[in-house]
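In what follows, a single structure is set out as structure tokens and then discussed.
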Amino acid sequence: MGAPLLSLRGITHGFRRSGGALVTAVRDVSLEVGEGETVALVGESGSGKSTLGRIALGLIRPDTGRVFIAGRTLGEMSSGELRRARVAFQPIFQDATASLNPRRTVRDLLGQALRQRGADSIAELRIDLLESVGLRPGRVYLERYPHELSGGQRQRLAIARALAMQPRLIVADEPLSGADVSIRGQILNLLSDLKKERGLAYLMITHDISIARAFADRVAVMSQGQVVEQGPAAEVLTRPAQDYTKRLLAAVPELR
Amino acid sequence: MPQTKPPILQLDDVRLTFRTRAGTVRALNGASLTVHEGEAVGLVGESGSGKSTLARAVLGLNPERSSRIEAGRILIAGRDVTRLSQAEWEAARGHPVAMVFQDPLSFLNPIMRIGRQIAESIERHAPDRRVEQRVGELIELVKLPSSLARAYPHELSGGMRQRALLAVALACEPRLLIADEPTTALDVTTQAEILALLRDLREKLGMAMLLITHDLGIVASACERLYVIYAGRVLEWGRAQDVFGAPAHPYTVGLFHAARADRDAQGRFATIGGEPPDLGETAQGCPFAPRCPKAMAECARAMPHASVLADGETHAVRCWLYPPTRESETAVERLGEA
């Protein structure tokens, strides 16, 4: 078997507070995501899960530890390889509104991403992308601005823009928190379809246990900067071994 | 069970509109709801359902210039507050109804110490009380350390801020607490603590609660009865055990599946098709019909009357799939003496 798509080894990272105190956000974390695999990173706010997601995306350079992409560290790569490695990991955020430039139309937003990737026949690809995320027929959306779309449509557009880069891994930070309950299923189905069709892997950062349980192959539970437990989702989230995970699960108001 | 006292809150067929630059928005399209003394009631809805508008209408908090109650009435402990002026609201607010919000920071004064804010609330509603002692009692009641009376809101964590806001609200000694998504911004463990505190407070103070949320799990753990609201209309209501045991409206059923991230026979995640409704349009029939997997011709024509589903009239639905109950509609909509 080849090297995993993403491998984080012994990652530690701290921030300096405005007062000057150093806060360790991530403490000696090791985590892998294989090709086509879905890993959920669950934990409460301040647990370090979003910081780890940003490290995976190359947006933050960790203080110590190493990030391997398909077995190689970023330091070993040439600048061309680095650029390719960067676009291979794409983010989706909770608030699609904040990540989409409000002055750009759908046509511009997708065109910009496709040009950045160096794609040909942009007009055609743009329509394909829109339709692959369920915005059909694609052409009716081209001249719209983000605020002219519904919340669910905006999240689909954000996903389309990530797909324009032909990523192999999507780091999704609370992608469903902004969506109404009734349309969560639509987004989850879309993410599942894209996984099947394109062999995408996901690192899904979420505080929602039911979504992690339903969607992820593996789960890593974070608390105070550390991964306290990881393993197959069905196992960790039904028969947790660690006290912290047990407390976390017990706190979720359960629907029978 | 015969009710000797009037319900602490009663909404009868309330229609409320907002005037916006884009036209008239019908936020409430005939919403009816009852909360009895001491009872915990959930109001479940998604964005645009009108749930927060309903809550604000109960306290006269919707903007006077752009919003209007077109029809129906709101009774608080039997008193009609539908047409109160802003000045009358100023005098009435806080007692017997108080409210806490999702984001305590937007309500708490950022440059005033917590203790002082609680004291002001006491002075407004019961000026003859020994204020300092009462502040101490309230801080203890919401389980905050007494030293936090001297803290400013920004120095507190999210959960502590919600406790502080609760203390300000409870200073009015309300008989009904309206909690609008009180735990949505909080982590699950903090959420569990706040829900436990609310339960505890209700027991101690005998206070009723109207808990507004999009989260069915929270209703399951905190409420005795619930109402499901969609596009400004209540589609289903009843005792929590009845509605959870056998949800009747296709919207409620879909909501349950979606909330549990259930999958269908093909392994697809359960979902409700389409988008939440546009409240600018006049919905003649059931507002859920365009998204409903079981929609029939009648559904687009008119909103059905209520059908009582459970013995003892503890569960009802407004849906053409169920035979209407032959009582006067208001009698049915006022049920809930569970």
Side-chain angles (χ1 to χ4, degrees), chain A residues 18 40 42-47 49 134-135 147-156 174 176-193 196 206-216 221-223 233 237 244-256, chain B residues 44-49 157-159 183-196 213-223 230 240-241 244-245 247 250-264 266-278 288 291:
Chain A
S18 51
V42 303
E44 303 189 76
S45 59
S47 63
K49 58 189 196 303
L135 296 174
H147 75 267
E148 295 175 309
L149 302 174
S150 72
Q153 289 171 338
R154 268 200 297 274
Q155 193 57 278
R156 288 168 188 272
E174 302 280 7
L176 298 163
S177 298
D180 269 317
V181 179
S182 72
I183 62 168
R184 263 184 217 176
Q186 296 176 16
I187 303 286
L188 282 175
N189 283 331
L190 172 61
L191 294 175
S192 308
D193 291 346
K196 256 179 263 156
T206 180
H207 69 279
D208 191 325
I209 307 287
S210 65
I211 285 167
R213 187 183 284 139
F215 192 67
V221 182
M222 282 192 82
S223 170
L237 299 177
Y244 177 76
T245 316
K246 286 177 192 164
R247 280 206 305 280
L248 193 65
L249 294 180
V252 180
E254 205 62 53
L255 273 177
R256 293 159 305 260
Chain B
V44 180
E46 301 181 87
S47 56
S49 64
S157 68
T183 62
T184 302
L186 303 174
D187 278 318
V188 281
T189 52
T190 315
Q191 168 175 293
E193 286 167 23
I194 296 289
L195 292 176
T213 179
H214 67 282
D215 189 331
L216 286 162
I218 289 179
V219 172
S221 72
C223 299
Y230 184 87
Q241 62 193 84
F244 281 66
Y251 175 62
T252 318
V253 173
L255 215 49
F256 272 101
H257 287 308
R260 285 186 301 224
D262 286 343
R263 293 179 190 250
D264 63 16
Q266 285 78 45
R268 308 289 289 167
F269 287 103
T271 179
I272 300 175
E275 301 279 344
D278 180 352
F288 186 61
R291 301 174 73 188

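Proteins come first, then strands; the chains are lettered A, B, ... in the order of their sequence lines, and each starts at number 1.
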Region of A/Ser45 in contact with chain B, defined by heavy-atom distances below 4.5 Å: both

Kindly give the heavy-atom pair with the smallest separation between [X] and [Y], and that separation in Å.
| X | Y | value |
| --- | --- | --- |
| B/Phe269 | A/Gly185 | CB-O, 3.9 Å |
| A/Glu44 | B/Val188 | OE1-N, 4.0 Å |
| A/Ser210 | B/Ala261 | O-CB, 4.1 Å |
| A/Ile183 | B/Gly274 | CG2-O, 3.8 Å |

From [atom1] ([X]) to [atom2] ([Y]), nearest 0.5 Å:
| X | Y | atom1 | atom2 | answer |
| --- | --- | --- | --- | --- |
| A/His207 | B/Asp187 | NE2 | CG | 8.0 Å |
| B/Thr189 | A/Leu248 | OG1 | CG | 7.0 Å |
| A/Asp180 | B/Leu255 | CG | CG | 9.0 Å |
| B/Arg268 | A/Gln186 | CZ | CD | 11.0 Å |

Chain A contact via B/Ala270 - which portion, at a heavy-atom distance below 4.5 Å: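 The backbone, not the side chain.
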
Chain A contact via B/Ser221 - side chain, backbone, both or neither, heavy atoms under 4.5 Å: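 When you check distances to chain A, only side chain atoms of B/Ser221 fall under 4.5 Å.
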
Which of A/Ile211, A/Asp193, A/Ile209 touches chain B most, by non-hydrogen pairs under 4.5 Å: A/Asp193

With B/Asp215 via side chain to side chain donor-acceptor pair (under 3.5 Å) - residues at least two apart: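 Checked B/Asp215 against side chain to side chain donor-acceptor pair (under 3.5 Å); zero matches.
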
Side-chain donor-acceptor pair present, B/Arg291, A/Ser182, cut-off under 3.5 Å: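 Result is yes, a qualifying pair exists.
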
Set of residues satisfying side-chain contact (heavy atoms from CB on, under 4.5 Å) with respect to B/Thr183, sequence neighbours excluded: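 Partners of B/Thr183 by the side-chain contact (heavy atoms from CB on, under 4.5 Å) criterion, ordered by chain and then number, come out as B/Leu186, B/Gln191, B/Ile194, B/Leu195, B/Ile218.
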
